[in-house]
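Each chain gets a letter, A, B and so on, in the order the sequences are listed, and its residues count up from 1.
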Protein chains: 2
Amino acid sequence: MTAADDMTCEDVPWGEVSPEAARKLLIAAVEAFAERGYHATTTRDIAGRAGMSPAALYIHYKTKEELLHRISRIGHDRALRILSVAAEREGTPGERLAGAVSSFVRWHAGRHDTARVVQYELDALSPEHRTEIVELRRRSDAVIRGILRDGVESGDFDVPDVPGTTLAVLSLCVDVARWFNTRGHRTPDEVGELYAGLVLRMVSARSSSGDGRD
Amino acid sequence: MTAADDMTCEDVPWGEVSPEAARKLLIAAVEAFAERGYHATTTRDIAGRAGMSPAALYIHYKTKEELLHRISRIGHDRALRILSVAAEREGTPGERLAGAVSSFVRWHAGRHDTARVVQYELDALSPEHRTEIVELRRRSDAVIRGILRDGVESGDFDVPDVPGTTLAVLSLCVDVARWFNTRGHRTPDEVGELYAGLVLRMVSARSSSGDGRD
DNA sequence: TCAAGCGCTAAGCGCTTGCTCACCCGTGAG
DNA sequence: CTCACGGGTGAGCAAGCGCTTAGCGCTTGA
């Protein structure tokens with residue numbers, strides 16, 4: 001095992017995908033899926049983008065769907081980890097929520113091609129793979145819901161409908177992957193900051209007095 | 001012209017599509033596109049759902065893409081009208097924004113199959129059709145942005161980044177079409193009310209004092 | 001009564017799709 | 001040098017795709 005083999009994760013975008021040809025194919029697939037969608041993408045297109053023949057794909061992946069599954073799995077793991085790390089930091093619920101939202105959004109904007117595939121091509125997965133991925137989503141949901149609950153308990157937040165608001169917050173963040181960079185002159189950091197501010201206002205208790213009934 | 005011919009629009013969901021067979025096919029297409037996506041749907045599937053042979057589709061529509069365009073056009077017109085009507089009602093900016101968001105969301109939830117096709121299958125359209133539809137979206141954007149501007153001017157709202165917040169509000173509303181009814185026990189009205197409340201909190205100025213510079 | 005015309009179908013065309021298979025070539029151990 | 005072997009290619013298969021066409025039966029106006 002060389003030093004290069006060891007430095008595979010976290011640093012390089014798709015470092016966890018180990019034969020270089022397999023990684024090139026996967027990156028090409030992310031590009032193509034993000035651009036055209038899973039069903040509109042052909043295996044020839046993917047192989048072509050990777051500079052290989054159509055048959056090369058099947059040396060490293062059993063089917064086209066397996067490629068999508070690998071992308072989806074790795075992407076969801078990454079998104080969930082980003083959310084969890086931010087949520088587990090020390091601080092007030094407000095600080096934790098702002099951190100979670102800004103970093104989650106930053107990822108969805110900065111890696112919007114990956115995020116688009118991960119978030120919007122779920123239905124193209126086989127039933128077994130789909131349920132596996134849905135479980136990861138449920139955990140993302142639990143992270144946000146946890147912060148909201150903490151904030152309500154501490155009195156920092158005023159959230160009448162915690163599950164519904166959780167859904168809205170996640171939906172808001174995820175949808176960044178759809179529109180980002182189609183228009184924009186904004187950086188991922190700017191969008192992250194903007195969204196963190198908006199979400200905080202959505203849930204924060206009015207600072208002055210306020211007994212909750214009006 | 002009979003009375004039945006006259007009562008074609010607004011009341012019945014797809015009343016503006018006039019030969020009954022064409023309407024049946026279009027409704028079948030909405031179902032199929034919403035369920036599987038445009039590219040994963042076959043013309044045989046659409047015709048089958050409508051109880052007709054595959055060839056019947058081509059009597060009423062020149063191509064499969066024309067079907068998508070018709071759905072997209074009618075759907076966007078409807079969504080834009082709902083937004084505009086709500087925005088032009090009398091009232092404070094807050095009331096107008098709440099009305100616009102709640103009715104827009106109610107439509108996206110209640111007709112989530114149509115909305116999903118309309119909002120998420122844009123890329124499957126031909127370039128010309130796509131630009132036509134994008135123009136309609138720009139108008140939706142202008143409606144929301146207008147209300148926000150009014151609210152900022154009147155002092156009801158405190159929105160540092162009006163274009164960014166407009167984008168966020170629309171994104172939030174539109175994404176309802178993606179998740180609604182996959183889980184939920186919520187009614188469209190409930191989601192509309194919830195979202196109107198969340199959006200109002202996102203943009204409202206803190207009531208006590210505040211001279212606007214900080 | 002009957003021919004015209006319209007809505008619809010059965011059959012199928014040409015093409016593309018996901019995927020396979022026989023073979024090739026550079027590398028490294030014996 | 002030889003030869004096995006893993007990563008790669010060119011050609012192509014079966015199936016399914018969007019779409020077309022010849023023709024059928026029902027309605028309709030003269």
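In this view, A/Arg49 and A/Glu31, A/Glu35, A/Asp45 satisfy the side-chain hydrogen bond (donor to acceptor under 3.5 Å, both in side chains) rule, not counting sequence neighbours. Annotation: side-chain contact (heavy atoms from CB on, under 4.5 Å) contacts of B/Ile27 (sequence neighbours excluded): B/Trp14, B/Arg23. Remark: B/His76 engages B/Arg137 in a side-chain hydrogen bond (donor to acceptor under 3.5 Å, both in side chains) (not counting sequence neighbours). When the salt bridge (Lys or Arg N to Asp or Glu O under 4.0 Å) test is applied to A/Glu153, no partner is found at least two apart in sequence or on another chain. Legend: residues meeting salt bridge (Lys or Arg N to Asp or Glu O under 4.0 Å) with A/Glu95, ordered by chain and number and at least two apart, are absent. A search for ring-ring contact (aromatic ring centres under 6.0 Å, His included) contacts involving A/Tyr195 returns nothing, not counting sequence neighbours. Partners of B/Ala55 according to the side-chain contact (heavy atoms from CB on, under 4.5 Å) rule, which considers only residues two or more places apart in sequence or in another chain, are B/Ser53. Partners of A/His60 according to the ring-ring contact (aromatic ring centres under 6.0 Å, His included) rule, which considers only residues two or more places apart in sequence or in another chain, do not exist here. With sequence neighbours excluded, no residue satisfies side-chain hydrogen bond (donor to acceptor under 3.5 Å, both in side chains) with A/Arg201.
Using a 3.5 Å distance cut-off with no hydrogens or angles, the side chains of B/Glu121 and B/His39 do not pair a donor with an acceptor. Inspection of the A/His129 and A/Glu66 side chains reveals no N or O donor paired with an N or O acceptor under 3.5 Å.
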N/O contacts under 3.5 Å, protein versus nucleotides 23-26 of chain C?
none

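B/His39 places its NE2 atom 14 Å from the C1' atom of C/dT17, with the value rounded to the nearest Å. The separation between B/Leu57 atom CG and D/dG18 atom C1' is 10 Å, rounded to whole Å. At whole-Å resolution of the value, OH in A/Tyr61 and P in C/dG18 are 16 Å apart. Straight-line distance from the CG atom of A/Asp45 to the C1' atom of C/dC19: 16 Å, rounded to whole Å.
In the region residues 121-131 of chain A, proximity to DNA chain D at under 4.0 angstrom, judged on heavy atoms, holds for none of the residues.
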Sequence-aligned protein contact record of nucleotides 7-17 of chain D, with B where the base is within under 4.0 Å of a protein heavy atom and S where only the sugar-phosphate is: -BBB-B----B
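The side chain of A/Tyr58 places an N or O atom within less than 4.0 Å of a non-bridging phosphate oxygen (OP1 or OP2) of C/dC19.
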